[in-house]
Amino acid sequence: MSATPILEVEDLSVHYQVKRGVVHAAEGVSYRLEKGQSLGVVGESGSGKSTVATALLGLLPPNASVTAAKLEVNGQSLLGADEKRFNQVRWKEAAMVFQKSMGCLSPVHRIREQFTDVVAVHQPNLPRDQAVARAAELLASVHLPATVLNAYPHELSGGMTQRVMIALSLVHNPELLILDEATTALDVITQGQILEEVTRLKGEFGLTTMVITHDMSVVAATCDRVAVMYAGHVMEVGPVRETIKAPRHPYTALLTKAFPKLHGERSRILGIPGSLPDLVDPPAGCVFAPRCPRAVQECHHERPAVFRVGDGHYAACRLLAGEGGEPVARVC
């Protein structure tokens, strides 16, 4: 591993203050991302995937509180960073492609103006014609013609607006690119095209990427490591192929059965019975215990231990104690 990872998160917790109490949106999240790697963060809706990502860029609402032992981008700590510091990081060091791209673009401005506004964030003195040329160059990199610059968002298809968002995110050559459900609401063919674009751009621009999704097949197609989240907790982290083929956490195993196989023998797609717990009053033990088919009595009362189950492969499940796992401090 490199001496300085692009992203390092240790024991990150995010809480929201609401009328009913405190929502435990993320608890003790830890992972690191080396230069050139692609980390998939996967889990059901409400598992805390997007909350963690927005916390990295200081984009949480005012009722959120963030604590962490470490939160670093390129070796620079963002703990306690103010808005000015986060503004220096956004777009330039780390950029994000949000889900629902149509809602992220201004409906009353042409694509041209939206590009020049983003350029001005870090290069306010760059001549407008150079900013427009940069925009056209980036649109070409995602296979869109320069004529798109004259269009309004509503004149573009879903796939085109998503490509525009990806191009916008690359304006200032960030090292870290976070894609939050970047293929949601797209048809299967367009989704495949976008995933191919992301993979190509990763190599072309030397990107380190975090892909947030509920779809394990997206992770399998684009990532080399995966972090599985459930109810604000990281359940398992490991190499993609190893984790999908031989999951060590019961939740991961159930997730892999909930999406269709693209190759090999066909099998029945199985849903996971039950629903996410109330994060204002989460379970006392393992958060997945109420839905886990392998849960024993202790799982409902004790927080799970964390075990190293392979090279760079970790899982938080007490059952691994009897399966050769090596106890460690945290999933990372």
A.B. asks: Which pair of heavy atoms, one from Pro277 and one from Tyr230, lies closest together, and at what distance?
C.D. replies: CD-OH, 3.4 Å

A.B. asks: Do Leu319 and Met235 share a hydrophobic cluster, counting only Ile, Leu, Val, Met, Phe, Trp and Tyr and linking them when any side-chain heavy atoms are less than 4.5 Å apart?
C.D. replies: no

A.B. asks: Taking CG in Asp311 as the centre, count heavy atoms belonging to other residues, nucleotides or ligands within less than 6.0 Å. Is the count above 12?
C.D. replies: no

A.B. asks: Give me the ring orientation class for Tyr251 and His249: parallel if the planes are under 30° apart, tilted from 30 to 60°, perpendicular past 60°.
C.D. replies: perpendicular

A.B. asks: Would you kindly confirm whether Leu126 and Leu139 end up in one hydrophobic cluster when ILVMFWY residues are joined by side chain heavy atoms under 4.5 Å apart?
C.D. replies: yes

A.B. asks: Determine whether a donor-acceptor pair (N or O, by modelled atom type, separation under 3.5 Å) exists between the side chain of Arg318 and the backbone of Cys299.
C.D. replies: no

A.B. asks: For residues Val280 and His24, report the shortest heavy-atom separation together with the two atoms involved.
C.D. replies: O-CD2, 4.2 Å

A.B. asks: Is the backbone N or O of His143 less than 3.5 Å from a side-chain atom of Arg163, with the two atoms forming a donor-acceptor pair by type?
C.D. replies: no

A.B. asks: Using only heavy-atom distances, determine whether the side chains of His15 and Glu27 contain a donor-acceptor pair under 3.5 Å.
C.D. replies: yes

A.B. asks: Looking at Arg85, I want to see if its CZ is surrounded by more than 12 non-hydrogen atoms of other residues, nucleotides or ligands under 6.0 Å.
C.D. replies: yes

A.B. asks: For Gln297, does the CD atom have more than 12 heavy-atom neighbours from other residues, nucleotides or ligands under 6.0 Å away?
C.D. replies: no

A.B. asks: How long is the straight-line distance from CG of Asn173 back to CH2 of Trp91, given to the nearest 0.5 Å?
C.D. replies: 13.0 Å

A.B. asks: Check the side chains of Thr213 and Asp215 for a donor-acceptor pair under 3.5 angstrom, ignoring hydrogens and angles.
C.D. replies: no

A.B. asks: Do you know which two heavy atoms are closest between Ile6 and Lys35, and how far apart they sit?
C.D. replies: CG1-CA, 3.5 Å

A.B. asks: Under the side-chain contact (heavy atoms from CB on, under 4.5 Å) test, which residues partner His313, sequence neighbours left out?
C.D. replies: Glu236, Pro239, Glu242, Thr243, Arg248, Val309

A.B. asks: How close do Leu201 and Ser141 get, heavy atom to heavy atom, and via which atoms?
C.D. replies: CD2-O, 3.8 Å

A.B. asks: Quick one: pull up OG1 in Thr147 and CD1 in Ile111 and give me the separation to the nearest 0.5 Å.
C.D. replies: 11.5 Å

A.B. asks: Could you tell me whether the side chain of Glu181 and the main chain of His214 form a donor-acceptor pair under 3.5 Å?
C.D. replies: yes

A.B. asks: Can you name the closest pair of heavy atoms from Ala221 and Leu195 and give their distance?
C.D. replies: CB-CD1, 4.5 Å

A.B. asks: Inspect the contact between Arg200 and Glu197 and indicate whether a charged nitrogen and a carboxylate oxygen are less than 4.0 angstrom apart.
C.D. replies: yes

A.B. asks: How many angstroms lie between OG1 in Thr208 and NZ in Lys202, if you round to the nearest 0.5 Å?
C.D. replies: 7.0 Å

A.B. asks: Please report the closest heavy-atom contact between Ile212 and Ala53, naming both atoms and the distance.
C.D. replies: CD1-CB, 3.3 Å

